[in-house]
S.K.: 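Before I ask anything, let me first share the structure, which is written out below as structure tokens.
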Amino acid sequence: MVFLGGMFSLLMIVRATFSFLSGLIKKISHQKLNYAATLILGAGYVVMWASQNLISALVGIILCEVCIGLWFSTSMVWRNDIIPSSHRATLLSFISTLTSLVTGIFVLGIGQMVDSLRAQTYLIAATCSVISALILYRASSLSLTQPKREG
């Protein structure tokens, strides 16, 4: 517990740095950064699952923060690109509400899931990350083939 404040600060610095860098990366589309971030998240979970010491576990946690930093900014830009402005407020409100509900349910059940599944929890999370990356990849290929909408 002695290092909790320092650890939290380090993770917030990593998240902020990669969020900032995601805006500077112009050669990679937001869509590609989005699904690359979910693959990084999956890698972070695998590293945490396989970790044998505190340092390797920290590397896994840092990879998860890299994902959040990259994903948050790019997903906002991507959503604004594909959702017409006439429906944007309603759809973003719906997405936010749905996200809050799912997060609430997840938080309620995560303790029991970790207790019952132990290390397999990380592998399930990594699998979900890869599935998410595939879904985002498919969505990005569909959005790239759609003509740009005027908003």
Side-chain angles (χ1 to χ4, degrees), residues 7-8 10-52 55-85 87-149 151:
M7 176 73 86
F8 184 75
L10 171 68
L11 295 176
M12 291 303 102
I13 289 169
V14 169
R15 183 185 296 189
T17 300
F18 280 88
S19 185
F20 175 74
L21 291 175
S22 71
L24 298 178
I25 301 171
K26 301 296 183 199
K27 292 185 179 187
I28 303 173
S29 71
H30 293 294
Q31 294 92 340
K32 287 181 182 175
L33 279 176
N34 233 339
Y35 56 81
T38 57
L39 290 175
I40 293 169
L41 181 65
Y45 287 135
V46 168
V47 169
M48 284 190 284
W49 168 75
S51 66
Q52 298 296 316
I55 300 299
S56 59
L58 180 60
V59 168
I61 293 168
I62 287 173
L63 285 171
C64 291
E65 291 298 322
V66 166
C67 164
I68 294 168
L70 287 174
W71 174 82
F72 191 75
S73 303
T74 57
S75 67
M76 295 300 156
V77 171
W78 188 19
R79 279 189 259 183
N80 287 338
D81 282 349
I82 61 174
I83 298 174
S85 61
H87 302 298
R88 192 171 296 142
T90 303
L91 286 174
L92 291 180
S93 177
F94 172 74
I95 290 168
S96 176
T97 301
L98 189 62
T99 300
S100 295
L101 287 171
V102 169
T103 301
I105 292 167
F106 182 75
V107 167
L108 290 174
I110 193 67
Q112 290 81 14
M113 188 171 99
V114 170
D115 278 346
S116 64
L117 298 175
R118 302 273 181 222
Q120 290 88 351
T121 304
Y122 294 110
L123 295 178
I124 292 167
T127 302
C128 290
S129 295
V130 171
I131 291 168
S132 295
L134 294 172
I135 291 168
L136 288 170
Y137 176 78
R138 180 66 180 143
S140 71
S141 65
L142 289 174
S143 71
L144 291 174
T145 60
Q146 299 293 320
K148 274 286 200 191
R149 296 181 185 156

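Note that the structure is a prediction, hence the values are computed from the model and not measured.
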S.K.: Between Gly60 and Val47, what is the shortest heavy-atom contact and its length?
M.R.: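 Closest approach of Gly60 to Val47, heavy atoms only: N-CG1, 3.6 Å.
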
S.K.: Drop me the distance from Cys64's SG to Arg15's CZ, to the nearest 0.5 angstrom.
M.R.: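 The SG atom of Cys64 sits 10.5 Å away from the CZ atom of Arg15.
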
S.K.: Is the Tyr45 ring parallel, tilted or perpendicular to the Tyr122 ring (thresholds 30°, 60°)?
M.R.: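 Plane angle between 30° and 60°, so tilted.
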
S.K.: Are side-chain heavy atoms of Leu58 and Met7 found at a separation under 4.5 Å?
M.R.: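 Counting from C-beta outward, Leu58 and Met7 do come under 4.5 Å.
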
S.K.: Can you give me the closest heavy-atom contact between Ala126 and Val46, atom names plus distance?
M.R.: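 Between these two residues, the closest heavy atoms are CB-CG2, 3.7 Å.
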
S.K.: Do the non-hydrogen side-chain atoms of Leu41 and Leu63 ever get within less than 4.5 Å of each other?
M.R.: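 They are not in contact (no side-chain heavy atoms under 4.5 Å apart), so the answer is no.
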
S.K.: Under the side-chain contact (heavy atoms from CB on, under 4.5 Å) rule, what do Glu65 and Ile68 come out as? Steps first, then yes or no, please.
M.R.: CA-CA 5 Å; Glu65 291 298 322; Ile68 294 168; 4.1 Å; yes

S.K.: Nearest 0.5 Å please: distance from the CD1 atom of Ile61 over to the OG atom of Ser56.
M.R.: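 That separation rounds to 10.0 Å.
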
S.K.: Rounded at 0.5 Å granularity, tell me how far CG in Leu33 sits from CZ in Phe18.
M.R.: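 Answer rounded to 0.5 Å: 11.0 Å.
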
S.K.: Testing the basics here: between Thr74 and Trp71, what is the closest heavy-atom pair and its distance to 0.1 Å?
M.R.: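 Thr74 and Trp71 have their closest heavy atoms at OG1-O, 3.2 Å.
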
S.K.: Can you tell me how far apart CD1 (Ile62) and SG (Cys67) are? Round to the nearest 0.5 Å.
M.R.: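 So the CD1 of Ile62 and the SG of Cys67 are separated by 14.0 Å.
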
S.K.: Starting at CG of Leu134, measure out to OH of Tyr35 and round the result to the nearest 0.5 Å.
M.R.: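 These two atoms lie 10.5 Å from each other.
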
S.K.: So, Ser51 side chain and Met48 main chain: donor-acceptor pair closer than 3.5 Å or not?
M.R.: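 At least one qualifying donor-acceptor pair exists.
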
S.K.: For the side chain of Ser73 and the backbone of Leu70, is there at least one donor-acceptor N/O pair under 3.5 Å apart?
M.R.: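 No.
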
S.K.: Check whether Ser22 reaches the backbone of Ser19 with its side chain - one donor and one acceptor, N or O, closer than 3.5 Å.
M.R.: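 Present.
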
S.K.: Where the side chain of Thr99 meets the backbone of Ile95, is there a donor-acceptor pair that is under 3.5 Å apart?
M.R.: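 It does hold such a pair.
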
S.K.: Ignoring hydrogens and geometry, is there a side-chain-to-backbone donor-acceptor pair from Ser96 to Leu92 under 3.5 Å?
M.R.: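 Answer holds: no.
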
